[in-house]
Amino acid sequence: MFFRNIPGGMRMAGTGTVTELEVHDVRFPTSEQLDGSDAMNPDPDYSAAYVVLHTDAGPRGHGLCFTIGRGNEVMAAAIRSLAPYVVGRRAPATAADLAALHHDLTHDSQLRWLGPEKGVMQMAAGALVNAAWDLAASRAGLPVWEFLAALTPEELVSLVDFRYLSDALTPQEALALLRAAEPGRAARAARLKAEGYPAYTTSPGWLGYDDGKLVRLAREAVADGFGQIKLKVGADLDDDKRRLRLVRDAVGPGVRIAVDANQRWDVAEAVRWMTALAPWTPHWIEEPTSPDDVLGHAAVRSGQPVKVATGEHVANRVVFKQLLQAGAVDFVQIDAARVAGVNENLAILLLAAKYGVPVCPHAGGVGLCELVQHLAMFDYVAVSGSWEDRVIEYVDHLHDHFSDPVVIDRGRYRAPTAPGFSARMKPGSLAAHRFPDGPVWRARQRPRHPHGEQEVTV
């Protein structure tokens with residue numbers, strides 16, 4: 001669907017104007033092979049509400065929200081509701097432009113009421129914010145990580161909404177962090193380009209895989225250079241013990257094995273479960289309970305011996321602030337498409353740097369690896385200045401649908417060199433997987449809701 005010069009939008013004359021917003025409901029039938037399956041999400045169809053910003057000056061901006069199937073049409077509708085803030089606007093090119101757009105998209109009072117600043121509307125804003133960053137970086141001829149790292153500390157601070165954060169991080173503290181990292185930027189960027197950024201892989205560990213496939217893929221991951229892999233857990237404790245033992249025996253003691261419960265447990269259950277799995281030395285337990293339960297995460301962290309990671313479903317910078325204030329996490333896991341885009345993720349990176357907690361981004365899905373690599377690399381170059389105990393998640397499917405897919409070399413992300421955010425999907429992939437009328441979906445029975453009613457699309 002396209003939006004052109006919407007009445008009431010902020011239309012501006014002349015060149016360098018956003019003229020159209022294109023929105024696609026794109027879905028992949030990954031549930032058929034149980035790719036992406038875990039204890040909470042047994043049958044995901046990896047999907048994206050995908051947006052393209054057209055301009056009258058040539059370059060386009062690309063962004064997306066990741067979902068797992070039903071509900072993707074809701075996300076697409078939410079993005080469309082924000083079109084008046086984008087169509088007709090001057091194409092963003094500077095930090096000031098990008099800060100203003102982020103503010104406008106997240107401060108419409110009537111739409112903000114649906115959150116506030118969380119859920120579908122925050123993710124929709126993030127898709128458009130990320131598309132704007134893709135556009136601005138493309139116009140500058142730089143990948144987003146390098147475009148961000150070229151901004152001054154003052155420009156970076158201007159991008160962040162510090163409302164609700166100042167009790168934990170003030171603009172002055174953020175500026176000091178960024179200024180302290182500034183002298184080493186060039187050397188770290190050169191090292192990043194030469195060596196790549198450390199990665200770990202979840203590809204062996206989906207809960208729907210049988211034991212043979214699990215062990216084979218774990219061994220292959222180590223042979224490919226990954227020093228850390230991740231297993232999904234939480235459905236059955238005896239199964240988790242068996243699977244963790246099999247993988248530990250297969251890869252040996254020198255490879256880190258993280259585990260991920262995908263919010264499956266209550267606090268007491270998480271403590272009991274992880275105490276039982278501790279003999280196989282998990283590196284972390286990810287999302288042991290509700291992503292909103294700050295005190296629950298703190299209790300899990302203090303109640304058993306395994307470190308705690310969370311963040312892929314954390315709604316906004318405020319909850320991240322509380323997790324850090326409460327000492328509830330050992331690893332912060334940002335997601336490129338869960339919060340309101342680059343600007344809010346910058347706030348979270350600064351918070352993590354203030355508290356000295358490593359950031360290990362969530363990825364996988366559709367396009368999440370492509371997007372979040374830029375944020376982690378920027379963090380290394382210009383914020384934390386470190387990749388010690390930091391890794392980006394990697395999942396090995398669906399990258400072939402992108403024009404500038406991630407490149408993994410010996411267990412490391414190679415630094416992107418193409419201008420933009422690596423978010424542009426191939427036209428053929430969009431056409432084939434468009435829901436519900438693309439050929440991939442026409443060849444399949446229409447998905448149905450759990451109680452049998454026909455799927456309704458808008």
Using modelled atom types only, decide if a donor and an acceptor are shared between the side chain of [X] and the backbone of [Y] within a distance under 3.5 Å.
X: Arg245; Y: Trp280; result: no
X: Arg412; Y: Gly196; result: yes
X: Ser429; Y: Met425; result: no
X: Lys118; Y: Gly115; result: yes
X: Asp330; Y: Val357; result: no
X: Ser31; Y: Asp45; result: no
X: Arg264; Y: Ala270; result: no
X: Asn72; Y: Ser47; result: no
X: Lys426; Y: Asp400; result: yes
X: Asp266; Y: Ala268; result: no

Stepwise, does the side chain to side chain contact (heavy atoms under 4.5 Å, CB included) test hold for Lys193 with Glu146? CA-CA 11 Å; Lys193 291 177 180 179; Glu146 208 163 3; 2.9 Å; yes
Does some side-chain heavy atom of [Y] sit less than 4.5 Å from a side-chain heavy atom of [X]?
X: Val160; Y: Val157; value: no
X: Leu231; Y: Thr202; value: no
X: Phe28; Y: His397; value: no
X: Ser403; Y: His62; value: no
X: Gln333; Y: Val359; value: no
X: Glu195; Y: Trp387; value: yes
X: Gln228; Y: Ile257; value: no
X: Thr30; Y: Leu398; value: yes

Pair [X] + [Y], salt bridge at N-O below 4.0 Å:
X: Arg444; Y: Glu32; answer: yes
X: Asp134; Y: Arg424; answer: no
X: Asp239; Y: Arg242; answer: yes
X: Arg27; Y: Asp25; answer: yes

Residues Gln263, Ser290; criterion side-chain hydrogen bond (donor to acceptor under 3.5 Å, both in side chains); working and verdict: CA-CA 5 Å; Gln263 316 158 33; Ser290 165; over 6 Å; no
Given the rule in the side-chain hydrogen bond (donor to acceptor under 3.5 Å, both in side chains) test, do Asn262 and Glu286 qualify, once you have shown the distances and angles that lead to the verdict? CA-CA 7 Å; Asn262 291 94; Glu286 183 173 333; 5.9 Å; no
Could you tell me which non-hydrogen atom of [X] sits nearest to which non-hydrogen atom of [Y], and how far apart they are?
X: Leu53; Y: Ala132; result: CD1-N, 4.0 Å
X: Pro361; Y: Ala376; result: CG-CB, 3.8 Å
X: Val233; Y: Leu277; result: CG1-CD1, 4.4 Å
X: Asp240; Y: Ala235; result: OD2-N, 4.2 Å
X: Ile229; Y: Pro204; result: CG2-CG, 4.5 Å
X: Ala423; Y: Phe402; result: O-CE2, 3.6 Å

Are [X] and [Y] close enough that a side-chain donor and a side-chain acceptor fall under 3.5 Å?
X: Trp284; Y: Asp260; result: no
X: Thr289; Y: His297; result: no
X: Arg434; Y: His24; result: no
X: Thr275; Y: Gln304; result: no
X: Lys230; Y: Tyr200; result: yes

What is the distance from atom [atom1] of [X] to atom [atom2] of [Y], rounded to the nearest 0.5 Å?
X: Asn343; Y: Ile348; atom1: CG; atom2: CD1; result: 11.0 Å
X: Thr170; Y: Leu175; atom1: OG1; atom2: CG; result: 9.0 Å
X: Leu128; Y: Leu105; atom1: CG; atom2: CG; result: 5.5 Å
X: Ser81; Y: Leu111; atom1: OG; atom2: CG; result: 5.0 Å

Quick one: do Arg317 and Asp161 satisfy salt bridge (Lys or Arg N to Asp or Glu O under 4.0 Å)? Show the steps, please. CA-CA 9 Å; Arg317 67 200 186 282; Asp161 183 354; 3.4 Å; yes
Where does the angle between the aromatic ring planes of [X] and [Y] fall among parallel (under 30°), tilted (30 to 60°) and perpendicular (over 60°)?
X: His401; Y: His433; value: perpendicular
X: Trp441; Y: Phe435; value: perpendicular
X: Tyr380; Y: Tyr197; value: perpendicular

Given the side-chain rings of [X] and [Y], with only the six-membered ring counted for Trp, is the space between their centroids under 6.0 Å?
X: Trp145; Y: Phe421; result: no
X: Tyr413; Y: His374; result: no
X: Tyr46; Y: Phe66; result: yes

Among Leu375, Leu98, Leu371, find the one that has a side chain to side chain contact (heavy atoms under 4.5 Å, CB included) with Val342. Leu375
Between Val26 and Val366, does a side chain to side chain contact (heavy atoms under 4.5 Å, CB included) hold up when you go through it step by step? CA-CA 10 Å; Val26 184; Val366 179; over 6 Å; no
For a side-chain hydrogen bond (donor to acceptor under 3.5 Å, both in side chains) check, start with the C-alpha distance between Gln122 and Glu344, then their side-chain angles and the critical distance, and finish with the verdict. CA-CA 10 Å; Gln122 193 80 334; Glu344 190 164 21; 2.9 Å; yes
Run the side chain to side chain contact (heavy atoms under 4.5 Å, CB included) test on Asn316 and Val314 for me, step by step, so that the C-alpha distance in whole Å, both residues' side-chain angles and the decisive distance to 0.1 Å come before the verdict. CA-CA 6 Å; Asn316 54 43; Val314 170; 5.6 Å; no
Would you please test Leu217 and Trp206 for side chain to side chain contact (heavy atoms under 4.5 Å, CB included) and show each step? CA-CA 10 Å; Leu217 292 178; Trp206 302 117; over 6 Å; no
Counting neighbours of CZ on Arg410 that are heavy atoms of other residues, nucleotides or ligands and sit closer than 6.0 Å, is the number greater than 12? no
Just wondering, are more than 12 heavy atoms of other shown residues or ligands nearer than 6.0 Å to CZ in Arg188? yes
